[in-house]
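Reminder, nothing fancy here: chain letters follow the sequence lines and each chain counts from 1.
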Amino acid sequence: MSEEPAHIRGIPASPGVAAGPVHVYRRVRYVPDGKLTDDADTDAECARFEAASHVVRLELDRIAAMAGDGSEGIAGAILDAHIHILEDPELRRSIRAGIRSKRKTAATAVHDAFETYVRLLGATNNSYFQERVADLADIRDRLIYRIQHDAQELALEPVQGAILIAEDLTPSEILELSKQGLAGFAVQSGGATSHATIIARSLGIPGVVGCIGLMSVETTNGEEAVIDGKAGDVWIRPDGRTRESYARLRRQDAARRRQTQALVGTPCVMRCGTRVSLRANIEFESELGHVRTSGADGIGLLRTESFFMEEGAGTIAFQRGFYEAAVRACDPEPVTIRLFDVGGDKVTDLLTKEANPFLGWRGVRILLDRRDVLRQQLDAILDVAGQYPGRIRILVPMVTEPEDMTLLRQEIDIVQQARTRRGAAVDASVPVGMMVEVPAAALMADRFTAVSDFFSIGTNDLTQYTFAVDRGNPKVSGYFRHHHPAVYRLIAIAVNAAERAGIPVAVCGELASDPEAAAILVGLGIRELSMSPSAIGEVKSRLVDANITTLAADAARMTS
Amino acid sequence: MTTATVTVTNPSGIHTRPAAMLVQLAARYQCEFTIGLHGYVINGKSILGVLTLAAEQGAELELTFEGSEEAAACAAMVAFFESGLHE
């Protein structure tokens, strides 16, 4: 038996550090033996398949029920698809035909029927569909196990606190194992988008996938293992130093998690009593559940680009449905909806391609040229605003001149008047604000306070335009520095103008999600930060321990 | 027989969740329902068939309905595709 530490680098799948005894999990794979049944036995074989299928159905229903909590509906949807696969009419027809016409045993008929689909999916050029093979194998193996064990339910060995080492894991296995208190897992195959991985992430179980050579490492149950799901490292029999450094990391992690978790339900109030609103940036309907779980004060930036220029009668209704779902997800907090913020590349063909798209036809510049698209979106937004008065704010992207806002507000008036004429509900005082992301707009912020009800500072574009750097270009991305006095000075100008005019000012760029930068922003006078929901906890725990005099002094040093 | 041509509009194509919703919708109607893509035709009530289409964004699908309630089934399915597969 080996005493040497073994280290394997895999693909990070689900973040977090976990340590515990190894539990090697080897699934016994059925290999069809090609034996045929007598004609007299086909009824019995059919009955065995039906009985096994019934038990698997009950089992999937049970797992789906326990998936109901803790994973934001992701696991439930995947299990739902598994149930559809089990009940698939073509699959069942092919299994029954295998038993009846080809005199296969129930186990072989199941194996062969699945094999056809495994081959078809494996042959696609799309890794997403290829990874679905794991879902098929999950159901196939459950069925075959039940057939061979007279429809008994599969009992996994207890794994409480263990690090599971396996060839691969199926979605239902990860769910069952998580209920038993699995600490973490490392698997030899699989990718970051497999269903098992998605479920592990949603449940917060650290894991590493794609660990080539993992199953050849000599190990026995009970030996110590450590995995780092963020870096993708797997250690079996770690030496003292490795063990100690991970133990430290885990303690820090746990302390941070406890602290941020304890803060979820509480408002972000600093030591001095200053209140800061921490809101969520949201793009897709599936993310709406995070607003509550992260303790966000509503949605500070709802991106709408995914609906841009989509054709079809259902689209406007669907857009509207998305806005309404957003409003309902954060009752009674507000939702700031940003109008379509796209570049010319989304609207024009290759022939009219712009030489400098980031300095070109984008944001409000497109909206004012495509009033048809703009009015449709405004109508969908204002319809929801009419139904939920006081809950919606409209945010205009890429504003450069006050005239952009004047023209856009005229469009809003036109849509509101049409709504009033046809007797639709209207919220007459929907705030209309602008993104401050063009340096000219930041420098001239005082000229915009008459046409803008609030400012929202987009630090990503503001930095890009200030430093004349495309951070997507690796040759120059080093010049992209948003945590920099040049950016903070521009922000300070916008904040001062907003304060003098008495309008709110928020920051919705990535800068707000960095706890240290958030502290500077609050020091500059910002009281509203919007960020990815996953960042809210850490920003909150930084701010609640601070007081405004210190932060204002830090901010003054940063901008002087 | 009722037929319709639809386009997959959502960015991730007909992946598992929309496939499950699609067969669930199809199961509400009595008629036979098939989906064709580049001449490959599958039973639209079979989730495995739908997944093996591996239909990505932009794919044009031929829907065919035959039997009772075929017009209603077709209308419901077209609306489902136009909604972007409820993504």
**Asked** Which bit of Q24(B) comes within less than 4.5 Å of chain A, counting heavy atoms only: side chain, backbone, both or neither?
**Response** both
**Request:** Determine whether more than 12 heavy atoms belonging to other residues, nucleotides or ligands lie under 6.0 Å from atom CD of E32(B).
**Result:** no
**Complete:** On a heavy-atom basis, the closest approach of T16(B) and A81(A) is CG2-CB, 3.2 Å
**Fill in**
For D88(A) and G49(B), the nearest pair of non-hydrogen atoms, with its separation, is OD2-N, 4.4 Å
**Side-chain heavy-atom pair Y40(B), L120(A) within 4.5 angstrom cut-off** = yes
**Message:** What's the separation between atom CG in L51(B) and atom CD1 in I85(A), rounded to the nearest 0.5 Å?
**Reply:** 6.0 Å
**Asked** Considering only heavy atoms, which portion of L22(B) lies under 4.5 Å from any heavy atom of chain A: side chain, backbone, both, or neither?
**Response** neither
**Request:** Nearest 0.5 Å please: distance from the CD1 atom of I47(B) over to the CG atom of L86(A).
**Result:** 11.0 Å
**Message:** Is it the case that atom CD in Q30(B) sees more than 12 heavy atoms from other parts of the structure closer than 6.0 Å?
**Reply:** no
**Prompt:** Side chains of L48(B) and H84(A): closer than 4.5 Å at any heavy-atom pair?
**Reply:** no
**Complete:** Scanning both residues in full, the closest heavy-atom pair of P89(A) with K45(B) reads CD-O, 3.3 Å
**Portion of I83(A) that has a non-hydrogen atom of chain B nearer than 4.5 angstrom** = neither
**Request:** Could you grab the distance from atom CD1 of I42(B) to atom CD of E90(A), nearest 0.5 Å is fine?
**Result:** 8.5 Å
**Fill in**
So CD of E87(A) and OG of S46(B): to nearest 0.5 Å the spacing works out to 12.5 Å
